[in-house]
Amino acid sequence: MSPLHTYRLPPRVIPLNINKDQVDYFLEILWDIFTETIGPVTCQHSYGGTNDPQLYIYSVRWVSNEFEAVLNFHNHTAKGLVLLKLRLIDREKNVPFGPHADKLVRAIQAATEKIRSGEHGSIFDCYAKIKILCDSTLSGSYRIDELGMLLLDGAGGHELIYRAKSRKAKSEFDFEAKKCAVEYVSALTVLSQHLFVVSENDGVDIISVQEFEDLVKSSEFNGEYIDDTPLFGLYGAKLGMPSEPGSPADIGEVIMLEAKDFRVNGLLCFPSRLGELIQHINGDLKRRQASKRFPDALRFRRIREQYSDGDFGVSYELVAYVAAIEALLDHSKIKNEISCKNCGNKLTIENYIISKRFSDFVNTYGGESEAMNREFKELYKHRSKFVHTGMELHASNTLRPNRPLILKGKSYVAATPSYYHNIHEWTGFLLRVYLYFTAYQASHDAPDNA
């Protein structure tokens with residue numbers, strides 16, 4: 001039979017009824033069972049809509065030497081995975097369905113049962129160890145119990161050890177472990193104002209649970225912490241959150257504004273709520289995306305500092321600062337009613353008002369600072385110019401040896417904007433104030449505090 005015959009087969013319909021919050025868990029489990037019982041899932045993926053605006057189909061075409069299968073998962077945006085339509089050609093016998101289809105069905109049933117029984121709750125069975133880099137020297141090694149994570153100080157880099165899920169193929173384990181490590185180092189960067197990156201020249205090691213426990217017993221965790229209580233409760237009080245009577249609410253007293261505020265005797269220290277804040281970041285897509293955009297910006301900044309032709313990265317750096325904040329904004333449209341200039345009829349238009357939400361974010365979490373409002377307004381204007389015109393924001397090599405400035409009307413051509421030397425510190429600070437405020441809010445909304 002030709003490949004087209006697979007799509008022409010009447011499907012075998014398998015009810016799933018997987019809650020939308022468990023869809024990704026289910027697919028992860030299913031792929032693991034496929035790998036263990038049938039073989040690696042070598043397939044083509046596609047995802048698209050249907051006539052129902054809430055129903056999407058995740059289509060997987062799996063081709064092996066033994067069979068060719070098409071699995072169409074019907075994913076409802078509110079209900080989750082509703083059902084699966086399976087089509088399969090047995091390539092050995094050149095017949096539809098057969099024993100291979102039965103194997104797929106059993107794997108699907110097993111994955112469904114794991115979700116129903118709650119077995120998916122244990123999502124790690126080992127640990128990953130990976131080298132991460134930072135230009136600063138840590139005050140010591142850290143044990144972050146909330147995450148089951150260790151950060152071991154080292155001369156040639158630091159070792160990050162964290163929970164992982166074993167995989168049959170080492171390449172698959174490495175991919176998943178590095179993806180997880182990127183999220184952790186991004187959070188470390190935002191919460192310390194110091195750039196952390198995953199080492200590109202080192203691999204990922206697998207550590208057993210017993211080896212991890214032995215490492216905990218033999219290591220000294222002497223890393224120092226900065227008391228972040230003022231930032232956790234202080235700004236929450238300013239925004240109307242519960243606070244102790246007489247608590248100050250001066251944004252100028254909030255700690256951890258700049259990178260230097262994280263150093264004690266020249267050594268880098270982390271805020272005392274490090275584990276709680278990383279959990280808070282990783283628990284939400286918007287917060288994860290914001291925490292990734294910020295180190296993107298710092299990496300472009302590093303390029304400019306390290307290379308003579310690094311000015312090209314300034315525009316991308318500025319875009320990343322805006323993106324870090326925009327990731328946290330409300331992206332829904334609002335409806336406005338206007339009158340037509342020609343006929344006077346009332347019209348309803350929809351706008352995203354992202355620029356207003358951006359300025360409101362800066363004003364709110366910047367403590368209504370006039371300086372921040374002014375400079376971030378300029379930043380947003382520069383970012384819009386670059387993404388909409390493609391023209392670089394600031395010309396390279398404008399400070400020329402023994403030559404005059406290049407004048408341009410009311411200003412002069414510069415390699416960086418006037419706010420450049422502060423914008424990375426201010427963006428990091430705004431993100432931290434937001435993260436601490438929302439973490440504080442979440443802790444007071446938790447059932448135990450009801």
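Heavy atoms only: backbone and side chains are in, while hydrogens, waters and symmetry mates are out.
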Which atom of [X] lies closest to which atom of [Y], heavy atoms considered:
X	Y	result
G275	I144	CA-CG2, 3.4 Å
F212	G148	CZ-O, 3.7 Å
L133	G157	CD2-CA, 4.0 Å
S59	V70	OG-CG1, 4.1 Å
H74	N72	CD2-O, 3.4 Å
A101	L86	O-CD2, 4.2 Å

Check against side chain to side chain contact (heavy atoms under 4.5 Å, CB included), S186 and F294: CA-CA 8 Å; S186 297; F294 184 64; over 6 Å; no
Salt bridge (Lys or Arg N to Asp or Glu O under 4.0 Å) between D125 and R163, intermediate numbers included: CA-CA 8 Å; D125 54 13; R163 293 166 178 163; over 6 Å; no
Side chain to side chain contact (heavy atoms under 4.5 Å, CB included) between E68 and L88, worked out: CA-CA 6 Å; E68 176 179 330; L88 185 142; over 6 Å; no
To the nearest 0.5 Å, how far apart are [atom1] in [X] and [atom2] in [Y]?
X	Y	atom1	atom2	result
S359	Y380	OG	OH	9.0 Å
L16	L84	CG	CG	5.5 Å
T112	I14	OG1	CD1	8.5 Å
R87	L71	CZ	CG	10.5 Å
R273	D228	CZ	CG	5.0 Å
D227	S272	CG	OG	5.5 Å

Are [X] and [Y] close enough that some pair of their side-chain heavy atoms sits under 4.5 Å apart?
X	Y	result
L188	I132	yes
Y316	V319	no
R12	V105	yes
Y321	L318	yes
F376	I423	yes
N422	E375	no
I281	L435	yes
E326	R383	yes

Hey, are [Y] and [X] close enough side-chain-wise for a donor-acceptor pair under 3.5 Å?
X	Y	answer
R263	S139	no
H280	T438	yes
T50	D52	no
H45	Y58	yes
Y47	N75	yes

Pair D135-H194, side chain to side chain contact (heavy atoms under 4.5 Å, CB included): steps then yes or no: CA-CA 8 Å; D135 291 339; H194 288 73; over 6 Å; no
Whether over 12 other heavy atoms sit under 6.0 Å from K377 NZ: no
Exceeds 12 heavy-atom contacts within 6.0 angstrom, atom CD of E370: no
Quiz item: cation-pi between R432 and F429, 6.0 Å / 45°: no
cation_pi(R301, Y420) dist<6.0 Å, angle<=45: yes
Parallel, tilted or perpendicular, as decided by the 30° and 60° cut-offs, for the rings of Y142 and F270: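 Geometry flag for Y142 against F270: perpendicular rings.
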F196 and H158 aromatic ring geometry - parallel, tilted or perpendicular at 30°/60° bounds: tilted
Quick test of your reading of the model: are [X] and [Y] salt-bridged, counting only N-O distances below 4.0 Å?
X	Y	result
E113	R116	no
D174	K170	yes
R287	E183	no
K179	E176	yes

Salt bridge (Lys or Arg N to Asp or Glu O under 4.0 Å) between E378 and K381, worked out: CA-CA 5 Å; E378 190 73 3; K381 182 180 73 174; 3.4 Å; yes
Any donor-acceptor N/O pair, K114 side chain to I29 backbone, under 3.5 Å: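 No, K114 side chain to I29 backbone: no donor-acceptor pair under 3.5 Å.
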Y162 side-chain N/O to C180 backbone N/O, donor-acceptor pair under 3.5 Å: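 No, because the side chain of Y162 does not come within donor-acceptor range (under 3.5 Å) of the backbone of C180.
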Test log, rule ring-ring contact (aromatic ring centres under 6.0 Å, His included), inputs Y434 and F361: CA-CA 9 Å; Y434 171 86; F361 182 99; 5.5 Å; yes
Test ring-ring contact (aromatic ring centres under 6.0 Å, His included) applied to F300 and H424, step by step: CA-CA 11 Å; F300 279 116; H424 61 305; over 10 Å; no
Check against ring-ring contact (aromatic ring centres under 6.0 Å, His included), W62 and F34: CA-CA 11 Å; W62 184 359; F34 279 159; 5.1 Å; yes
Non-neighbouring partners of Y436 that pass ring pair (Phe, Tyr, Trp, His ring centres under 6.0 Å), sequence neighbours left out: none
Salt bridge (Lys or Arg N to Asp or Glu O under 4.0 Å) assessment of R288 paired with D284: CA-CA 6 Å; R288 291 198 303 272; D284 176 76; over 6 Å; no
With sequence neighbours excluded, residues passing side-chain hydrogen bond (donor to acceptor under 3.5 Å, both in side chains) with D202: S199
Side chain to side chain contact (heavy atoms under 4.5 Å, CB included) assessment of E425 paired with Q193: CA-CA 7 Å; E425 304 276 21; Q193 195 64 34; 3.3 Å; yes
Side chain to side chain contact (heavy atoms under 4.5 Å, CB included) partners of Q289, counting only residues at least two apart: L285, K292, R293, A327
